[in-house]
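What follows is a short report on a single structure.
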Amino acid sequence: MQKTPTVHLEAASTLAVVVSSNEPLLFLSDDLKVIAASASFCRAFDIDPKTICGQSLSEIGNGEWAMPKLASLLKATASGSATIEAYEIDFQRPNQKTRHLVVNARTLDDGDIDHIRLLLAITDVTDVRAEARLKDDLVRDNAILLQEVQHRVANSLQIIASVLMQSARRVQSEEARGHLHNAHHRVMSIAALQRQLSTSNGGKVELRTYFTQLCQSLGASMIADPDRLSIQVWVDDSAVEADVSVRLGLIVTELAINALKHAFPDERPGAIVIDYHSSGDDWTLSVTDNGIGMPTGSEAPKAGLGTGIVEALVKSLNGEIQLSDAAPGTAVAISYRESAGLRTDISTAA
């Protein structure tokens with residue numbers, strides 16, 4: 001008959017806690033013999049509670065707890081040279097699925113200074129791991145689906161842009177033709193964004209690559225003579241969330257289109273510079289041309305659709321817009337300062 005290891009009287013309270021625990025617990029001697037086991041442990045692992053006390057850990061059940069590495073770690077914990085925190089094991093029993101367990105162990109002072117006792121807590125994370133894998137699979141599948149959708153959207157936008165350009169060639173009205181050209185340019189800018197989004201990772205868009213592709217698309221559709229006009233991109237290594245890149249891209253599109261249409265009349269040569277740099281959460285986007293500058297007084301153009309789009313986008317980014325004389329040309333700077341954003345939030349809340 002197996003003999004239960006001797007326990008000091010002060011261990012009675014510990015035994016009571018272990019046996020009544022709702023969690024799978026084992027109370028072990030320093031030679032890894034079972035002093036007590038919780039009813040929940042016996043239920044979870046199909047152990048007869050009448051037979052477990054006094055058994056070695058390796059003898060429990062059909063020997064499925066005979067894990068040399070676990071035993072080595074427990075003995076090292078008993079000697080004070082190691083600790084077991086969230087140690088994961090694959091628990092295998094004949095004709096049953098493998099279960100994933102997380103084991104924690106620590107020494108207990110139960111009043112017997114001559115023997116070290118160990119409290120072993122076991123958590124079954126099989127279902128949790130399965131759910132996590134399912135979520136990972138869903139996220140991966142959704143990411144693939146999103147990329148496919150973005151690719152198809154980009155293709156569709158290019159088809160729409162082509163139709164708009166064909167329509168512009170057929171209409172007789174110069175005003176209608178101008179509206180169709182503007183629509184074409186805007187659609188092409190969104191198509192360029194979609195292409196960039198489809199290759200971006202983790203929801204981040206690298207602005208240098210995106211702005212470069214965007215401006216190449218604008219230049220191809222609006223600049224007949226690249227030797228006369230050019231769009232240059234000066235951007236640091238900033239990467240922003242996709243929704244922010246959409247708004248920044250639309251701002252660049254509207255300002256670049258406006259400069260191409262108005263800053264270089266009469267075959268005037270020149271360049272447009274797109275500049276973006278950030279420091280922490282603060283950033284500045286500027287679109288500068290070296291054209292004829294903004295007319296003033298009665299010759300100043302009325303605010304149109306493009307101006308309204310830019311102002312709305314800047315507001316959505318909690319940014320500020322500033323128009324200045326680039327001498328020659330015009331500079332439009334949009335900036336965001338975190339401190340300014342905080343002041344706006346505080347004043348709004350007040």
Test salt bridge (charged side-chain N to carboxylate O under 4.0 Å, His left out) applied to R208 and D236, step by step: CA-CA 7 Å; R208 180 187 297 134; D236 60 16; over 6 Å; no
State the [atom1]-[atom2] distance between [X] and [Y], to the nearest 0.5 angstrom.
X: T126; Y: E131; atom1: OG1; atom2: CD; result: 11.0 Å
X: K33; Y: C53; atom1: NZ; atom2: SG; result: 12.5 Å
X: I257; Y: T253; atom1: CD1; atom2: OG1; result: 6.0 Å
X: E267; Y: L229; atom1: CD; atom2: CG; result: 8.5 Å
X: I334; Y: I321; atom1: CD1; atom2: CD1; result: 4.5 Å
X: L57; Y: D31; atom1: CG; atom2: CG; result: 11.0 Å

R228 atom CZ: more than 12 heavy-atom contacts under 6.0 Å: yes
Greater than 12 external heavy atoms within 6.0 Å of E175's CD: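 Counting neighbours around CD of E175, 12 or fewer heavy atoms of other residues, nucleotides or ligands fall under 6.0 Å, so no.
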Are any side-chain N or O atoms of [X] and backbone N or O atoms of [Y], one a donor and one an acceptor, separated by less than 3.5 Å?
X: S40; Y: E23; answer: yes
X: S279; Y: D282; answer: no
X: S72; Y: K69; answer: no
X: T209; Y: E206; answer: no
X: D325; Y: A327; answer: yes
X: R337; Y: W283; answer: yes
X: D281; Y: E338; answer: no
X: S38; Y: F41; answer: yes

With a 4.5 Å cut-off on side-chain heavy-atom distances among I, L, V, M, F, W and Y, is there a chain of contacts connecting [X] to [Y]?
X: I47; Y: I89; answer: yes
X: I292; Y: L260; answer: no
X: V34; Y: M67; answer: yes
X: L323; Y: L285; answer: yes
X: I84; Y: L26; answer: yes

Does the side chain of [X] reach to within under 4.5 Å of the side chain of [Y], using non-hydrogen atoms?
X: Q96; Y: D46; value: yes
X: E64; Y: F91; value: yes
X: F45; Y: I122; value: yes
X: R93; Y: N62; value: no
X: F211; Y: L248; value: yes
X: T123; Y: L101; value: no
X: F27; Y: L120; value: no
X: E88; Y: R129; value: yes

Identify the heavy atoms of [X] and [Y] that sit nearest to each other, and give their distance.
X: A326; Y: T288; answer: CB-CG2, 3.8 Å
X: A271; Y: N290; answer: N-OD1, 2.9 Å
X: V102; Y: A86; answer: CG1-CA, 3.5 Å
X: S245; Y: V205; answer: OG-CG2, 3.6 Å
X: A259; Y: I272; answer: CB-CD1, 3.6 Å
X: R117; Y: S29; answer: NH1-CB, 3.9 Å

Shared-cluster residues of W234, by chain and number - hydrophobic side chains joined below 4.5 Å: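 Taking Ile, Leu, Val, Met, Phe, Trp and Tyr as members, W234 shares its hydrophobic cluster with V273.
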Steps toward side-chain contact (heavy atoms from CB on, under 4.5 Å) verdict (C215, I274): CA-CA 9 Å; C215 291; I274 312 299; 3.7 Å; yes
Step-by-step side-chain contact (heavy atoms from CB on, under 4.5 Å) determination, Q322 to S335: CA-CA 8 Å; Q322 182 177 7; S335 60; over 6 Å; no
Steps toward side-chain contact (heavy atoms from CB on, under 4.5 Å) verdict (Y336, N318): CA-CA 7 Å; Y336 171 81; N318 294 321; 3.9 Å; yes
Result of checking D90, D127, D124 against H100 for side-chain hydrogen bond (donor to acceptor under 3.5 Å, both in side chains):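 So, applying the side-chain hydrogen bond (donor to acceptor under 3.5 Å, both in side chains) to H100 and each of D90, D127, D124, only D90 qualifies.
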Candidate pair L73 and Y87, rule side-chain contact (heavy atoms from CB on, under 4.5 Å), full reasoning: CA-CA 10 Å; L73 286 172; Y87 176 62; 3.8 Å; yes
